[in-house]
Amino acid sequence: MMFVAAECTPTSFKDFTLIMPAISVGNVGQLAVDLIVSTLNMCRVGYIHTDCLIPMAGNNPYATFAENANDLSTNAEVYSSPELRLAVLQIRTPVVQTKSKKFCKLMVSWIKASGFSRTVVLSSSHAYQRDDQQLLGTPLRYLQTPSMQKVTGDRLKEMEWKEMETVSTFPGVTDSEQRLYIPGGGATKGLFTDSCAEDIPLVVVLIFCSEGDNIPDAFTLLNHLNTWLHLVDAPAQTQPKWRIPASWRLLFGSGIPPALF
Amino acid sequence: MATFFGEVLSVYSRAVEEDDDDLDDENEDEQIHREIEEKREVHIAWCPEVAQSLEDSGSNKLQCSDLIIAVGTNAAGFLSAYVLNTESWDAVGHVSLWNERSRGSSRQSIALLPGEPACLFYRHRDNPAVLVCQSTCYIAEDQLFQWTEKVFGCLQKRGLSVMVLSDSPVAEYKTPDYLYGSAVPFLRSLKSSASESQALCPALEQPNILTGLPAAVLSHCQVHQIPAVLYQCYTDVISPDSITMETYKPALLCLSKLVKGQPCCPVLNPR
């Protein structure tokens, strides 16, 4: 079992909502999750300790004052907000190349064993792979497993969310079978198909984007998610206020040597 | 994607590899993957004495009060010069592994050549609960977790305390103000939540992170609530360098209570 509780007291996630990122183009899911943990001041309750992820360690990325700045953080941690019945998994490193399948299986079995009432995977897909239709309109898409459909019904359709289109297995061939294709989505498709097979209520919310400064994409994705989950209250016609964590400093490198100029 | 001048460039993502949505393996591929996995396995070879202690212990674990791990040539050089320089240490084991950059044989019978990148264990003769590990070979991303689990799998968790010394290029240190030459090399520390020791240098500031073996060891200690402290030395010199090694001296304050050897000045290439 790869979930290790941080404190001695066992944590129960029964009937909680889980939000987790997929490691995908622009790291948008991970940036969005950072905003959620930072804004809701969530408490770390455990670690995902697995050989499927590349190791990493550092000081508390959500530090707000000197006292909590030196808590060690690892590559995959679970945060919880019992009042909101919300659990969030943050993954900070890539999946080891040969272990993608194993990772999906482990995640799905952890989700099932923990009893989450629903799981949301935040993800992204290469913007340059969009077809002519997808170039128009919203860059946001969703996918839900049949079990999730039973939980939410047509709620997402009523909110005018757009379902992720399938592609032809053999482009150009008429009557070709349709298949799910999420380029740049990392483990998104694997998680989705495994969750369908295991009857897990799971929804994928993704945004089409390209590599670059993906902070605006993270805000767009998160504001979109918030219209459904209401994680943060926002007065009508305004966007919710998210708190940017301390670890987002210097995303594009250190200070420049003055002698350069 | 097409560029302004019409040539087609392949787009890469820093987050994901392409072609990873086709995860269906044939049976043949599975066998090849299995063979590659076996070849990349991490093996620990202990000397007969330690192997016997492991067997006699019943739980197949050694009693260890202090594990000191040096990752990188300067960290290893510091330990060689200031700690392992007395006669009181025995070489008790090594880790052998194979990857694209470390072609050490995974067969345990091949002796290590002096100076070859390696991963060696030493034990203090008067205090056999103190273990030192010098790791100068490259450990691949997919082997880090295995290395950590196998090494810690040989040690009793109770009473264990870990110290890691690790080299890092200063180019990877992120700071809002430009670092002038005179500030380098310098130390930063990180510790697991279970550690109550006083850090002897400033803590590693966000957004800086650890990767590689130091990260794997510290993560293991954090998750398993083992007290651990890490000293990362940022230096602008790639090769072994005496000034970089001397930067680790604050760690001697913790080590001197374990070892009785007098620290001596190493004779190495001056800067």
Side-chain angles (χ1 to χ4, degrees), chain A residues 4 6 23-27 30 47 49-61 63 69-75 92-94 96-101 104 124 126 128 180-190 210-211 245-251 253-259, chain B residues 1-2 11-21 23 25 33 36-37 40 140-146 148-149 171 173-180 189-195 199 203-225 228 230:
Chain A
V4 178
I23 321 268
S24 56
V25 55
N27 306 94
Q30 295 159 286
Y47 314 90
H49 193 55
T50 169
D51 64 337
C52 297
L53 296 171
I54 295 171
M56 176 231 94
N59 271 331
N60 185 1
N70 293 343
D71 291 337
L72 194 73
S73 238
T74 64
N75 59 357
R92 302 192 170 96
T93 54
V96 171
Q97 269 201 307
T98 46
K99 304 220 160 111
S100 187
K101 242 180 172 175
C104 288
S124 53
H126 283 308
Y128 78 93
L180 189 56
Y181 181 52
I182 311 175
T188 308
K189 184 180 163 185
S210 303
E211 290 285 345
S247 56
W248 283 23
R249 294 167 60 229
L250 306 174
L251 271 181
S254 288
I256 300 167
Chain B
M1 80 178 186
V11 179
Y12 85 99
S13 161
R14 64 186 176 229
V16 286
E17 295 289 327
E18 289 312 324
D19 299 327
D20 57 356
D21 62 329
L23 299 170
D25 282 334
H33 285 149
I36 294 176
E37 250 185 59
R40 295 178 77 88
E141 288 168 346
D142 59 311
Q143 295 171 316
L144 292 167
F145 189 88
Q146 220 196 112
T148 313
E149 294 290 296
Y173 182 70
K174 291 211 184 108
T175 173
D177 309 309
Y178 175 65
L179 267 180
Y180 288 93
S189 68
L190 273 179
K191 51 192 187 101
S192 67
S193 301
S195 169
L204 186 63
E205 311 90 334
Q206 274 287 346
N208 293 292
I209 55 169
L210 289 180
T211 52
L213 186 60
V217 169
L218 221 63
S219 298
H220 179 97
C221 293
Q222 175 70 11
V223 171
H224 292 101
Q225 291 166 13
L230 173 138

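Lettering follows sequence order; numbering is per chain, from 1.
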inquiry  = Closer than 4.0 angstrom, basic N to acidic O: yes or no for A/Lys99 and A/Asp51?
reply    = yes
inquiry  = Given heavy-atom pairs under 4.5 angstrom as the criterion, report whether the side chain, backbone, both or neither of B/His220 touches chain A.
reply    = both
Contacting region of B/Gln146 [heavy-atom separation from chain A under 4.5 Å] = neither
ask   = Do other residues, nucleotides or ligands put more than 12 heavy atoms under 6.0 Å from B/Glu205 CD?
value = yes
note = A/Thr93 and A/Met56 have their tightest heavy-atom pair at CG2-CB, 3.3 Å
ask   = Among B/Ser189, B/Pro214, B/Pro207, which has the most heavy-atom pairs under 4.5 Å with chain A?
value = B/Pro207
request  = Answer with side chain, backbone, both or neither: which region of A/Ile23 has an atom nearer than 4.5 Å to a non-hydrogen atom of chain B?
outcome  = both
key: Those residues that, when tested against B/Tyr173, pass ring pair (Phe, Tyr, Trp, His ring centres under 6.0 Å) (two or more places apart)   = B/Phe186, B/Tyr234
key: Proximity breakdown for B/Leu218 and chain A, heavy-atom pairs closer than 4.5 Å   = both
inquiry  = Quick check for you: among B/Leu213, B/Leu230, B/Leu204, B/Thr211, which has the greatest number of heavy-atom pairs under 4.5 Å with chain A?
reply    = B/Leu204
task = Tell me, out of A/Ser73, A/Ser24, A/Cys52, A/Ser210, who's got the most heavy-atom pairs with chain B below 4.5 Å.
result = A/Ser24
query = Without hydrogens or angle criteria, can the side chains of B/Ser193 and B/Gln225 be said to hold a donor-acceptor pair below 3.5 Å?
reply = no
query = Quick one: of A/Leu53, A/Asn27, A/Val96, who has the most non-hydrogen atom pairs under 4.5 Å with chain B?
reply = A/Asn27
query = Does B/Arg40 use its side chain to pair, donor to acceptor, with the backbone of B/Gln143 at less than 3.5 Å?
reply = no
request  = Against chain B, label A/Thr50 side chain, backbone, both or neither, depending on which of its atoms sit under 4.5 Å from a heavy atom there.
outcome  = backbone
query = Rounded to the nearest 0.5 Å, what separation is found between the CG atom of A/Leu72 and the CG atom of A/Asn60?
reply = 9.5 Å
ask   = Contact part of A/Thr98 toward chain B, heavy-atom cut-off under 4.5 Å: side chain, backbone, both or neither?
value = neither
message = Does the plane of the ring in A/His49 sit parallel, tilted or perpendicular to the ring in B/His224? Use 30° and 60° as the thresholds.
response = perpendicular
Chain B interface, residue from A/Gly58, A/Ala57, A/Gly255 that has the most non-hydrogen pairs under 4.5 Å = A/Ala57
